[in-house]
Colleague: 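The structure is given below, and queries will be raised subsequently.
All ligand and atom numbering here is 1-based and tracks the order in the structure.
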Amino acid sequence: MATVGILGGGQLGLMLAESLDRLGQGVVVLEPDPESPCAQRRSHVIAAKLTDPTALADFFARVDIATFDSENTPSGPLQPYAAKLAPSLRVLEVSQDRAKEKTFLSTHGFRPVSFRVVAPGEDVRAAALSFGLPCIAKSALGGYDGKGQYRLRTEGDVEAMPPQAPGGWVLEEVLQLDSEVSCLVARDERSAVSFPIFENLHTHHILDLTVVPARVEQALQDEARQVADGIASALGLVGLLTVEFFIGTGRDGVRRLYVNELAPRVHNSGHVTRQACTVSQFDALARILAGIPVVQPEVHRGAWCMGQLLGDVWLAQGRAGGALDLTAWRDFPDVVDVYVYGKREARKNRKMGHYVVHADTPERAMERALSFRAALTHPG
Ligand SMILES: Nc1ncnc2c1ncn2[C@@H]1O[C@H](COP(=O)(O)OP(=O)(O)O)[C@@H](O)[C@H]1O
Ligand SMILES: [Mg+2]
């Protein structure tokens, strides 16, 4: 048995911890928020900041190996413990800084959208005008769910954007998007496996639905899997890596696959694997951390759709948090799972839970997922 440490106790950490429990491993979580999913539901949670040197020393003394539930985990304080981290500190550092990430991708021949790095202190407004409008400015550090991003269409937008961002900026061309897909790669010391491609639909930059099988031509699905494998291998990954892709058309008018960003961890789009695949993303990472060889995940028959439950659904039910009125589920037997994360306070756009639908076709699974959520949002 291994004792596995998880830096961060949100819903991703919680589901990973549950897999480790089932596989007979020990778990210690480091998480400051007493209202976090892990703090609500688990023992062996050290309540301290991820930058607290005493807490980190205690945490690493108790675990054989450790992972993190966010690429925004501060990497500096982890330097002394690099030997116990999977994925490695280098993978964390590359994926938490968009400037390093895009530079890594392009120098290794994995195509990101056309971009330009704007160093901290450099004039981002002049850089955006010379890069060309429209474009998107993204802060190099700290962004998620579209936070720290500015769509620049006009010179007025450029004037209105903040001049500084944490770690500087990355400017990107705006693609005409057909779809967004993701590919998870699980890699141990000996071999690598990749999950089937997931199709992801976002609302207000937040993942809303994930559909498997993806409604994307097979050639692009194969290419995405190859690219994801290549990236994991170029990074020397041990652990799990999610590669987010765009399928769309850029300034050159050619429709193709682009790498968007990397997340060296279990991913929101991978929630669907808990029901749709023979091995879930959480079990895949748990196995690697426990020293059990990876195994190729296969998709079960039919089609699957994961839908996110944001705090908005609680608020629409007149609830401030806690339990959700699930009476509507009685009319949706094809909803095969509802997972409520146990966060106390519901806020708009806060990820509070998700559910998974099983159907014959991707279209039907999506339609049922949307109907189920509408029925929860407007009960009775
Ligand atoms: N260059 C782009 N062209 C078109 N849409 C984009 C581009 N960059 C981001 N987006 C949209 O914004 C979403 C969030 O951007 P992303 O870079 O993935 O940041 P985050 O870290 O917030 O997830 C993407 O999923 C996509 O829908
Ligand atoms: Mg993203």
Colleague: Taking the six-membered ring for Trp and the single ring otherwise, decide whether the centroids of Phe60 and Tyr81 are under 6.0 Å apart.
Modeller: yes

Colleague: Heavy atom under 4.0 Å from ligand 1: found in Asn200's side chain, backbone, both, or neither?
Modeller: neither

Colleague: May I ask whether Lys138 places a heavy atom under 4.0 Å from ligand 1?
Modeller: yes

Colleague: So Asp222 and Gln218, side-chain hydrogen bond (donor to acceptor under 3.5 Å, both in side chains) or not? Walk me through it.
Modeller: CA-CA 6 Å; Asp222 295 345; Gln218 195 58 45; 2.9 Å; yes

Colleague: Tell me: protein heavy atom nearest atom 12 (O) of ligand 1, and distance?
Modeller: His205 ND1, 2.9 Å

Colleague: List the closest protein heavy-atom neighbour of atom 3 (N) of ligand 1: residue, atom name, distance to the nearest 0.1 Å.
Modeller: Leu175 N, 3.0 Å

Colleague: State yes or no: are the ring centers of His267 and Phe198 separated by less than 6.0 Å?
Modeller: no

Colleague: With a cut-off of 4.0 Å, which atoms of ligand 1 are near a heavy atom of Glu244?
Modeller: 18 (O)

Colleague: Classify the angle between the aromatic ring planes of His354 and His271 as parallel (below 30°), tilted (30 to 60°) or perpendicular (above 60°).
Modeller: parallel

Colleague: What residue among Val336, Val338, Val340 forms side-chain contact (heavy atoms from CB on, under 4.5 Å) with Tyr355?
Modeller: Val338

Colleague: Given Gln149, Arg98, Glu180, which has its nearest heavy atom closest to atom 21 (O) of ligand 1?
Modeller: Arg98

Colleague: Could you tell me whether Val174 and ligand 1 have an N or O pair separated by under 3.5 Å?
Modeller: no

Colleague: If you have a sec, work out which protein heavy atom is nearest atom 23 (O) of ligand 1 and how many Å separate them, to one decimal?
Modeller: Glu261 OE2, 2.9 Å

Colleague: Looking only at N/O atoms, are Lys147 and ligand 1 under 3.5 Å apart anywhere?
Modeller: no

Colleague: Select the closest option to atom 2 (C) of ligand 1 among Val113, Ile136, Ile206, judged by heavy-atom distance.
Modeller: Ile136

Colleague: Less than 4.0 angstrom from a charged side-chain N to a carboxylate O is my criterion; do Arg22 and Asp283 meet it?
Modeller: yes

Colleague: Of Asp331, Asp334, Asp360, which is the lone residue that meets salt bridge (charged side-chain N to carboxylate O under 4.0 Å, His left out) with Arg368?
Modeller: Asp334

Colleague: Note the single closest protein heavy atom to atom 10 (N) of ligand 1, along with its residue, its atom name and the distance in Å.
Modeller: Phe246 CZ, 3.8 Å

Colleague: Applying side-chain contact (heavy atoms from CB on, under 4.5 Å) between Val313 and each of Gln308, Arg319, Arg373, report the one that passes.
Modeller: Arg373

Colleague: Working note: Tyr258 + Phe246, criterion ring-ring contact (aromatic ring centres under 6.0 Å, His included); need CA distance, chi angles, decisive distance, verdict.
Modeller: CA-CA 5 Å; Tyr258 293 90; Phe246 295 138; 7.6 Å; no

Colleague: May I ask you to check whether Glu261 brings an N, O or S atom to under 2.8 Å from the Mg ion (ligand 2)?
Modeller: yes

Colleague: Would Arg274 and Ser280 satisfy side-chain hydrogen bond (donor to acceptor under 3.5 Å, both in side chains), going step by step from the backbone distance to the final call?
Modeller: CA-CA 5 Å; Arg274 294 177 69 250; Ser280 77; 5.9 Å; no

Colleague: Should you measure from each heavy atom of His202, which atoms of ligand 1 turn up under 4.0 Å away?
Modeller: 25 (O)

Colleague: Give a yes/no on ligand 1: does Arg151 have at least one heavy atom closer than 4.0 angstrom to it?
Modeller: yes

Colleague: May I ask you to check if ligand 1 and Gly146 share an N or O to N or O distance below 3.5 Å?
Modeller: yes

Colleague: Glu244: which N/O/S atom is nearest the Mg ion (ligand 2)?
Modeller: OE1

